[in-house]
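Worksheet: the structure to be examined is printed underneath.
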Amino acid sequence: MDVDAENGAAGDGLRADARRNRDLIVAAARELFLEKGLDVALEEVSRRAGVGIGTLYRRFPDREALLRGVAEDNLRRLVELAETASREEPDAWHGLCRFLRGCADLRMGELSAKLEPRLHQRIRAGEGLSGRRRRVMDALLRMIAQAQADGDLRPDVGPVDIALLMTVHVYTPPHMPAGQAAGRVVEIMLNGLRPGPALPGAALPEADLLRYIDPGADGP
């Protein structure tokens with residue numbers, strides 16, 4: 001029978017088995033949204049997760065709740081990636097490179113492009129989500145400032161430029177091994193972040209990014 005176990009509790013109030021089921025569902029939904037789009041049948045999500053459809057609906061009562069769960073998981077991954085890269089790498093440049101490579105590996109750009117049109121305002125305004133975005137940007141701002149101070153990152157690149165690079169989506173031709181195209185493009189991109197001839201135009205102001213992170217922030 002498909003029921004959530006009642007023993008053990010997670011830090012967020014879910015019992016251990018309920019938390020495990022939730023994580024399995026979110027991971028399966030993430031994979032299927034990337035493979036087939038956001039309208040994939042929820043029964044297929046439950047099969048991929050290895051749980052019954054009743055368990056899925058207990059955790060996520062409708063498709064929008066599941067989309068939001070995947071969006072929240074995406075932000076959680078970004079926070080972990082940014083803070084781990086900043087903490088573990090020997091300098092800011094290597095931390096920034098690790099973070100951008102990780103964004104490509106996780107297909108952040110592709111998933112964001114699928115989720116944002118459907119949930120843009122609700123995700124941005126969601127309670128607690130702007131705080132996670134702020135944590136990502138705090139880590140990035142530190143790495144950007146230090147990498148520029150060290151002379152490793154070109155001085156005319158701003159945080160909005162890096163935020164755009166986080167969402168790069170690279171098409172992989174059918175004959176090319178998975179990840180190879182994205183891997184090559186990311187390395188070309190990273191080489192372009194090294195000091196060199198001036199870029200055309202000017203970097204967008206950091207205030208634009210902060211207003212996106214926190215829609216309620218004051219600003220023009």
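The first residue in the sequence is number 1, and the count goes up from there.
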Could you go through the side chain to side chain contact (heavy atoms under 4.5 Å, CB included) check for H169 and R107 one step at a time?
-> CA-CA 7 Å; H169 175 199; R107 300 165 71 183; over 6 Å; no
Evaluate the side chain to side chain contact (heavy atoms under 4.5 Å, CB included) criterion for residues M143 and I162: first the C-alpha distance (whole Å), next the side-chain angles of each, then the deciding distance (0.1 Å), finally the verdict.
-> CA-CA 11 Å; M143 288 189 283; I162 300 299; over 6 Å; no
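Residue R133 holds its CZ atom at 13.5 Å from CG of L140, rounded to the nearest 0.5 Å. Note that the OG atom of S86 and the CD atom of Q146 stand 10.0 Å from one another [nearest 0.5 Å]. Atom CG of residue D39 and atom CZ of residue F33 lie 9.0 Å apart, to the nearest 0.5 angstrom. Distance CD/E31 to CD/E44: 11.0 Å, rounded to 0.5 Å. A distance of 7.0 Å separates CZ of R142 from CD of E83, quoted to the nearest 0.5 Å. Note: D150 CG to W93 CH2 = 11.5 Å, rounded to the nearest 0.5 Å.
Between L199 and D161, every side-chain heavy-atom pair lies at or beyond the 4.5 Å cut-off. With a 4.5 Å cut-off on side-chain heavy atoms, L81 and C103 count as touching. Side-chain contact check for E35 versus V40: every heavy-atom pair is 4.5 Å or farther apart. Contact check for T55 versus R58: side-chain heavy atoms found under the 4.5 Å cut-off. In this structure, the side chains of R132 and L78 stay at 4.5 Å or more apart for every pair of heavy atoms. Put simply, the side chain of L165 does not reach to within 4.5 Å of the side chain of V186, judged on heavy atoms. Between M108 and M166 the shortest side-chain heavy-atom distance does not fall below 4.5 Å. Counting heavy atoms from C-beta outward, T84 and R87 have side chains that approach closer than 4.5 Å.
Contact record, A85 with G95: CB-O, 3.4 Å, taken as the closest heavy-atom pair. Nearest approach of P159 to I144, heavy atoms of both residues: CA-CD1, 3.7 Å. The minimum heavy-atom distance linking N74 with S112 is given by the pair ND2-OG, 3.9 Å. Taking both residues in full, the closest heavy atoms of K114 and L38 are given as O-CD1, 3.0 Å, listed atom of the first, atom of the second, then distance. What you find for A28 and A49 is that their closest heavy atoms are CB-N, 3.6 Å.
Few gaps surround CZ on R194; more than 12 heavy atoms of other groups in view lie less than 6.0 Å from it. Within 6.0 Å of CD in E80 there are 12 or fewer heavy atoms belonging to other residues, nucleotides or ligands.
Here R68 pairs with E72 in a salt bridge; the nearest charged N to carboxylate O distance falls below 4.0 Å. A salt bridge links D17 with R20: at least one charged nitrogen is closer than 4.0 Å to a carboxylate oxygen. Under a 4.0 Å N-O distance rule, the pair R47/E43 does not qualify as a salt bridge. Look at D73 and R77 and you find a salt bridge, because one of the NZ, NE, NH1 or NH2 atoms lies within 4.0 Å of a carboxylate O, short of that distance.
Residues L66 and I53 fall within the same hydrophobic cluster, defined by Ile, Leu, Val, Met, Phe, Trp and Tyr side chains chained together at heavy-atom separations under 4.5 Å. Clustering ILVMFWY residues whenever any of their side-chain heavy atoms sit less than 4.5 angstrom apart, transitively, puts F60 in a cluster other than the one holding L24.
When each of V70, L56, L42 is paired with I25, the side chain to side chain contact (heavy atoms under 4.5 Å, CB included) condition holds for L56 and for no other.
Judged purely by atom type and a 3.5 angstrom limit, Q148 uses its side chain to pair as donor or acceptor with the backbone of V157.
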